Amino acid sequence: MMPGIRFELARTQEKVDAFGHYMDEFFIGPNYHHRFGNLSMTLSVWYYFAGFDIIEDKYVATHNLEFVPVFNYRLGPVILTSRSIFHNILYSGLYEGPASARRGYSLVVRQLFQLGIRVHPKLTLLVASEPFFCLVEDADAKPSYLGFWRSGFRIHRLYGGVALPLGKGLTLVPQWIYEVLLEDGEKDNGVLHHGHYLFVVLSYRFRLFG
C-alpha cells in the first residue's frame, strides 16, 4: 500500500505559474517475488487511484488497474533491469455528461530498461530509458493525459543517476530525468513540451514479519 502527493513549487517557463498541489495518488495490491539464481522476478497487481488538481474548479479522479512485472539480472557488479507497467485506465472524471461517459478503457504500456553498475559498495551508477505507448485508445472519449490516452508513442524519459545506501534498509536515489511529452489531442505527434527534472527518492525497507 503506497499513498502519494505531488507539488510543483517552481518552473522556469515565462508567464506560467507553478501548479502548487496538483496530484494525489494511492496504490494497493499484492506483490510476488521469486529468485532464480542471478535472476529475480517481482510481479505486482495494483489498484491505482490518481487525482489531478490542475483544472480550475475541477478535481479529476481516475481509477486504474496496474500489472507490473519486474526482472533483475545480476552479473557481478552489473544489474540489468526490465520493468513493464501495464496501465489499464478504467474511469476518468474529466468527461462531462452521464456516468457512462466517464467509464471506458485505455491501455498504456511503460517499458523501462535500466543499467546499474556498482562502482563502489556505497555507489551504484544508473542509466535508463522509458518509452510510453498507448496500445488501446477508447473509441468514444476525447484523448487526454487526464483521461483516456491517445494511441501511439506518447512519452519518452531518459534517466541518469546514482543509488546511495545510507544504512540498513535505507537508500537515497537522486536522478536527472529528461522527458519528451507529445500532444495528446488532434495534432499528429507534435511535441507538447521538453522537461528536465531532478527526481530524488529516499526509501526505507523493513520486514514486519519473518
Side-chain angles (χ1 to χ4, degrees), residues 1-29 44-68 83 85-110 112 130-134 136-138 140-159 173-187 190-204:
M1 183 170 59
M2 181 173 66
I5 189 169
R6 300 190 191 187
F7 291 86
E8 184 181 78
L9 302 179
R11 63 165 58 208
T12 57
Q13 285 178 283
E14 295 183 2
K15 300 180 181 180
V16 178
D17 294 330
F19 284 137
H21 168 259
Y22 72 94
M23 185 177 178
D24 306 302
E25 53 189 348
F26 180 77
F27 299 83
I28 187 169
S44 304
V45 180
W46 297 333
Y47 160 74
Y48 173 44
F49 167 86
F52 301 93
D53 189 20
I54 62 175
I55 300 176
E56 187 175 357
D57 299 325
K58 186 177 181 68
Y59 184 83
V60 177
T62 68
H63 301 282
N64 315 273
L65 183 66
E66 315 287 290
F67 174 60
V68 187
R83 184 195 68 192
I85 300 179
F86 295 86
H87 176 56
N88 299 273
I89 305 166
L90 306 176
Y91 175 94
S92 172
L94 175 68
Y95 303 100
E96 303 292 342
S100 60
R102 294 183 284 277
R103 295 192 297 266
Y105 181 71
S106 185
L107 171 62
V108 178
V109 176
R110 300 170 50 176
L112 180 137
E130 185 182 26
F132 295 51
F133 297 92
C134 179
V136 179
E137 178 179 335
D138 188 281
D140 299 321
K142 182 179 179 180
S144 172
Y145 287 119
L146 302 185
F148 302 105
W149 287 35
R150 184 184 177 198
S151 63
F153 174 51
R154 309 308 326 148
I155 301 174
H156 188 219
R157 290 177 180 171
L158 295 175
Y159 300 77
V173 183
Q175 293 185 89
W176 164 79
I177 298 177
Y178 171 61
E179 178 184 81
V180 177
L181 183 71
L182 300 184
E183 292 279 0
D184 59 352
E186 298 301 324
K187 293 184 179 180
V191 174
L192 183 62
H193 88 130
H194 300 269
H196 297 267
Y197 308 95
L198 177 61
F199 190 62
V200 181
V201 176
L202 180 65
S203 62
Y204 178 66

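Basis for what follows: all heavy atoms, side chains included, without hydrogens, waters or symmetry-related copies. Remember, predicted model here, so these are calculated numbers, not experimental data.
Side-chain atoms of Phe27 and Val68, non-hydrogen and from C-beta on, never get closer than 4.5 Å to each other. For the pair Leu65 and Trp46, the minimum side-chain heavy-atom distance is 4.5 Å or more.
Taking the side chain to side chain donor-acceptor pair (under 3.5 Å) definition, one finds that Asp53 meets it with His21, sequence neighbours left out. Scored by the side chain to side chain donor-acceptor pair (under 3.5 Å) test, Ser44 finds Asn31 as partners (sequence neighbours excluded). Scored by the salt bridge (charged side-chain N to carboxylate O under 4.0 Å, His left out) test, Arg6 finds Glu25 as partners (sequence neighbours excluded). Applying the side chain to side chain contact (heavy atoms under 4.5 Å, CB included) test to Phe26 and every residue at least two apart in sequence or in another chain returns Met1, Pro3, Ile28, Phe49. Shown here are the side chain to side chain donor-acceptor pair (under 3.5 Å) partners of His156, two or more places apart in sequence or in another chain: Ser129. For the ring pair (Phe, Tyr, Trp, His ring centres under 6.0 Å) test, no residue two or more places apart in sequence or in another chain qualifies with Tyr159.
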- Task: Show the numbers, then the answer: is there a ring pair (Phe, Tyr, Trp, His ring centres under 6.0 Å) between Phe148 and Tyr95?
- Result: CA-CA 10 Å; Phe148 302 105; Tyr95 303 100; 5.7 Å; yes

- Evaluate side-chain contact (heavy atoms from CB on, under 4.5 Å) for Phe52 paired with Thr62, printing each intermediate quantity in order. CA-CA 8 Å; Phe52 301 93; Thr62 68; 4.0 Å; yes

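The shortest non-hydrogen separation linking Val201 to Phe199 is CG2-CE2, 3.7 Å. In terms of heavy-atom proximity, Gly147 sits nearest to Ile89 at O-CD1, 3.5 Å. Across all non-hydrogen atoms, the minimal contact from Phe153 to Phe132 is CD1-O, 3.5 Å. Across every non-hydrogen atom of Asp138 and Tyr105, the tightest pair is OD2-N, 3.0 Å. The heavy-atom pair separating Val136 from Ser106 by the smallest distance is O-OG, 2.9 Å.
Glu137 has no carboxylate O lying under 4.0 Å from a charged side-chain N of Arg150, or vice versa, which leaves the two without a salt bridge.
Between atom CD of residue Glu66 and atom OH of residue Tyr47 there is a gap of 10.5 Å, rounded to the nearest 0.5 Å. Atom-to-atom distance recorded for Ser151:OG and Leu107:CG is 11.5 Å, nearest 0.5 angstrom. Rounding to the nearest 0.5 Å places CG of Leu158 at 10.0 Å from CD1 of Ile177. Remark: Ile5 CD1 to Asp24 CG distance equals 5.0 Å, nearest 0.5 Å. Rounded to the nearest 0.5 Å, atoms CH2 (Trp149) and OG (Ser92) are 12.5 Å apart.
Tested against Arg110 for a side chain to side chain contact (heavy atoms under 4.5 Å, CB included), the candidates Glu130, Arg154, His87 yield a single pass: Glu130. In summary, of the residues considered (Arg102, Lys58, Lys142), a salt bridge (charged side-chain N to carboxylate O under 4.0 Å, His left out) with Glu96 occurs for Lys58 alone.
Classified by interplanar angle (parallel below 30°, tilted 30° to 60°, perpendicular above 60°), the ring pair Trp176/Tyr178 is parallel.
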